[in-house]
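What follows is a single structure, written as structure tokens, with notes after it.
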Number of protein chains: 2
Amino acid sequence: MSRQDQKRNKVTLLDVAKHADVSRATASLVVRKSPLVGAETRERVEAAMRELGYVYNMGAARLRAERSHTIGVVVPNLTNPFFAELLGGMEASVDAAGLVMIIANSGDGPPRQAAVLQRLREHGVDGIILCPAAGTPDDLASKVSDWKLPVVQALRHVTDDIDYAGVDYAAGMEEAVEYLVSLGHQAICFAVHGPVHSAYHERVQGFRESMKRFSLKPDLVIRVPDRVDQIAKEADALFAQGRVPSAVICFNDLVAHGLAAGFYDRGLRIGRDISLIGFDDVADAEAMRPRLTSVSTSPSEIGHNAVALLLERIAQPSLPPRCWISATKLHIRDSCSPLSSS
Amino acid sequence: MSRQDQKRNKVTLLDVAKHADVSRATASLVVRKSPLVGAETRERVEAAMRELGYVYNMGAARLRAERSHTIGVVVPNLTNPFFAELLGGMEASVDAAGLVMIIANSGDGPPRQAAVLQRLREHGVDGIILCPAAGTPDDLASKVSDWKLPVVQALRHVTDDIDYAGVDYAAGMEEAVEYLVSLGHQAICFAVHGPVHSAYHERVQGFRESMKRFSLKPDLVIRVPDRVDQIAKEADALFAQGRVPSAVICFNDLVAHGLAAGFYDRGLRIGRDISLIGFDDVADAEAMRPRLTSVSTSPSEIGHNAVALLLERIAQPSLPPRCWISATKLHIRDSCSPLSSS
DNA sequence: CTGAAAGCGCTTACAG
DNA sequence: CTGAAAGCGCTTACAG
């Protein structure tokens with residue numbers, strides 16, 4: 001019975017309506033779970049859908065209703081565990097809202113970013129969560145507003161005119177510095193890497209300000225390679241500045257991981273000879289030895305926030321731009337120790 | 001000029017056609033880069049698109065052309081770095097093919113998997129790459145063929161009737177065992193975790209077979225917790241079986257990472273007191289200390305393969321089902337040492 | 001609560 | 001190479 005109507009998968013709402021002996025409009029109301037339809041009718045239509053193997057055609061619905069139930073997410077990178085956690089958080093929220101997520105990779109470069117943004121527009125997404133690529137031009141906000149497409153920035157921001165879900169990186173740095181100072185450290189170094197963007201600046205400035213607050217030298221900022229397996233080799237750079245740090249704060253856990261390896265190679269014992277603090281507190285921090293003290297930024301929570309902002313923006317496009325800056329939390333484990341009075 | 005036509009973003013192909021003084025059909029040909037249109041005409045149309053800020057409406061096109069330029073990817077988990085690398089590989093290939101990727105999370109459970117699969121069908125994806133959830137029912141193949149939707153299995157497989165892009169896990173285990181044997185190890189343990197599926201069975205069987213080939217006890221298979229931070233605490237279980245292993249092969253690098261932490265906590269020196277081999281060879285392996293010897297499965301390459309299979313399947317739906325099993329490669333680093341004759 | 005009509009923005013034959 | 005017409009499968013008012 002049911003199979004014969006189905007050549008080439010073409011069961012349409014009209015077929016369902018006929019089968020259930022109602023009008024197409026009524027069938028449409030049933031699919032969309034409208035309360036206008038009587039229980040008995042609804043049941044009949046639903047039975048018809050089952051029997052015919054009906055599959056809702058979102059594409060057709062979108063064309064008429066101007067809503068695609070699809071959002072776009074563009075990140076600079078897919079393989080970084082931090083972004084993986086971020087995406088995981090987003091996926092959960094997006095799914096709960098009955099939407100679906102198209103993900104795109106900007107490679108952290110403006111040209112590719114422009115291309116994927118265009119592609120997402122063509123696909124008619126209802127909105128976009130964008131972690132702006134390093135070097136994103138200033139006119140992003142005006143472009144986006146021309147598009148009349150709901151957009152929220154995540155993790156990084158290039159304009160105040162667009163919603164932003166991020167983290168108080170500066171406060172996180174402050175927590176880290178404060179903690180190390182409380183342990184007696186003074187020669188504290190900040191090891192950075194990767195592309196430069198708002199989250200980068202906020203961390204560096206947070207570090208400098210905090211150091212100054214404690215009347216400490218704020219300029220021990222050194223740059224390490226991007227890839228974790230190369231950071232280890234560069235750990236020497238930390239000690240080549242004329243002043244030997246007793247503690248180092250890392251741009252993220254990846255840097256911490258690489259540096260930890262480098263220290264190991266040099267026979268330095270973390271948490272004894274040198275103190276180490278990570279940033280982000282991704283899953284590995286707990287599995288490092290000694291366990292890594294790290295400033296937690298809860299990427300999956302940021303993912304939730306970004307989706308929440310986007311959904312509200314979609315519902316009310318004229319809302320004033322909003323910021324959702326979440327707090328960090330220093331997760332103290334075993335990689336720092338009091339400065340031995342030597 | 002250009003702004004006024006654009007109230008509510010509604011520049012349509014017809015507007016472009018009028019502006020360029022051609023018919024709608026011709027404009028359509030230009031968007032699709034058909035060679036049928038003369039260079040001069042094409043240029044005029046393209047100029048019109050630019051001036052009006054035209055955005056191609058993929059949704060409308062799909063409705064008529066029955067192609068969405070969208071593929072679905074369903075994975076059991078988003079935050080595992082292994083899947084992150086897999087997705088990264090897929091994204092590159094998908095993007096290069098001019099498509100876009102909807103990603104969905106099955107949570108490694110059949111009910112959610114069924115839901116997301118349904119959702120992807122509703123969104124009219126051109127095909128699906130599925131890493132089947134543990135416990136996926138046997139009728140998957142017949143369901144999928146009812147759907148007439150191109151599908152390829154990745155990493156795991158539940159049927160031979162659907163394309164599959166995977167890895168020769170058994171051969172990988174064999175490499176690992178062989179290497180340890182060559183170092184003189186006999187009491188070799190396999191530490192597994194996570195849900196049970198084809199890739200799990202293949203690894204366990206690969207281990208057992210290889211051990212038997214060398215006339216070694218094949219039943220030192222122990223189970224550790226799923227989360228990396230809990231594995232460390234369970235490292236003792238390795239030594240509670242009456243026989244103390246001198247080497248352990250891990251189900252994946254995550255297990256290796258957790259176990260390494262556990263060994264550290266017990267004062268065991270990896271690569272001296274005990275040998276350790278990981279599986280997958282994700283980025284961290286290089287940053288562990290001692291550096292982790294691991295069986296590389298090249299997840300991003302599998303991602304490429306899966307996309308390639310899917311694109312071919314979409315182009316030729318009647319092709320017989322195919323398998324693309326890629327080889328593993330043992331990446332020897334510093335976590336294993338010869339068994340000291342004691 | 002239900003029906004008949006129009007239309008979302010494109011592509012597809014089919015004539016010229 | 002170009003035009004006019006029909007239609008993809010839905011939803012949206014608008015009447016009943």
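Here the structure is a predicted model, which is why all the values come from computation and not from measurement. To find a chain, count down the sequence lines: A is the first, B the second, and so on, and within it residues start at 1.
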Is the distance from OP1 or OP2 of [N] to the nearest side-chain N or O of [X] less than 4.0 Å?
{"X": "B:T12", "N": "C:dC8", "value": "no"}
{"X": "B:R32", "N": "C:dT11", "value": "yes"}
{"X": "B:T26", "N": "D:dC1", "value": "no"}
{"X": "A:S28", "N": "D:dT11", "value": "yes"}
{"X": "A:S23", "N": "C:dT2", "value": "no"}

Among [options], the one nearest [X] by side-chain distance:
{"X": "B:V37", "options": "C:dC8, C:dT11, D:dT2", "answer": "D:dT2"}
{"X": "A:V22", "options": "D:dG3, C:dG3, C:dC8", "answer": "C:dG3"}
{"X": "A:L29", "options": "C:dT2, C:dG9, C:dT11", "answer": "C:dT2"}

Practice prompt. For A:A61, report the nucleic acid contact type (base, sugar-phosphate, nothing); a contact means any heavy atom under 4.0 Å.
Written response: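 Answer is sugar-phosphate: A:A61 comes under 4.0 Å of backbone atoms only.
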Worksheet, complete the sentence: For C:dA4, the nucleotide meeting Watson-Crick or G-U wobble distances (both under 3.5 Å) is none
Item to complete: With a 3.5 angstrom cut-off on both distances, give the Watson-Crick or G-U wobble partner of D:dA13, or none if there isn't one.
Response: none
Would you kindly give the [atom1]-to-[atom2] distance between [X] and [N], to the nearest whole Å?
{"X": "B:R62", "N": "D:dG9", "atom1": "CZ", "atom2": "C1'", "value": "12 Å"}
{"X": "B:R67", "N": "C:dT12", "atom1": "CZ", "atom2": "C1'", "value": "17 Å"}
{"X": "B:L36", "N": "D:dC1", "atom1": "CG", "atom2": "P", "value": "8 Å"}
{"X": "A:L52", "N": "D:dG9", "atom1": "CG", "atom2": "C1'", "value": "15 Å"}
{"X": "A:L14", "N": "C:dA4", "atom1": "CG", "atom2": "C1'", "value": "12 Å"}
{"X": "B:N57", "N": "D:dC8", "atom1": "CG", "atom2": "P", "value": "18 Å"}

Item to complete: Please figure out whether B:R64 or B:D21 has its closest DNA chain D nucleotide nearer the 5' end.
Response: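 Result of the comparison: B:D21.
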Worksheet item: If each of B:A60 and A:A65 is mapped to the nucleotide of DNA chain D with the nearest heavy atom, which maps nearer the 5' terminus, i.e. the 5' end?
Response: B:A60
Discussion item. Tell me whether A:D163 contacts the main-chain N or O of A:P321 through its side chain, where contact means a donor paired with an acceptor under 3.5 Å.
Written reply: no
Discussion item. Is a donor from one side chain sitting under 3.5 angstrom from an acceptor on the other, for A:S23 and A:T26?
Written reply: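 A:S23 vs A:T26: donor-acceptor pair found between side chains.
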Item to complete: Determine whether the side chains of A:Q113 and A:T136 contain a donor N or O and an acceptor N or O closer than 3.5 Å.
Response: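 Looking only at side-chain atoms, A:T136 and A:Q113 do form a donor-acceptor pair, the distance falling under 3.5 Å.
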Discussion item. Which is more 5' along DNA chain C, the nucleotide nearest A:R24 or the one nearest A:A39? Just name the residue.
Written reply: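 Counting from the 5' end, the first nearest nucleotide belongs to A:A39.
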Discussion item. For a side chain to side chain donor-acceptor pair (under 3.5 Å) check, start with the C-alpha distance between B:R32 and B:S28, then their side-chain angles and the critical distance, and finish with the verdict.
Written reply: CA-CA 6 Å; B:R32 286 175 289 145; B:S28 175; 2.7 Å; yes
Worksheet entry | Nearest-0.5 Å distance, CE of residue A:M101 to CG of residue B:N105 | 9.0 Å
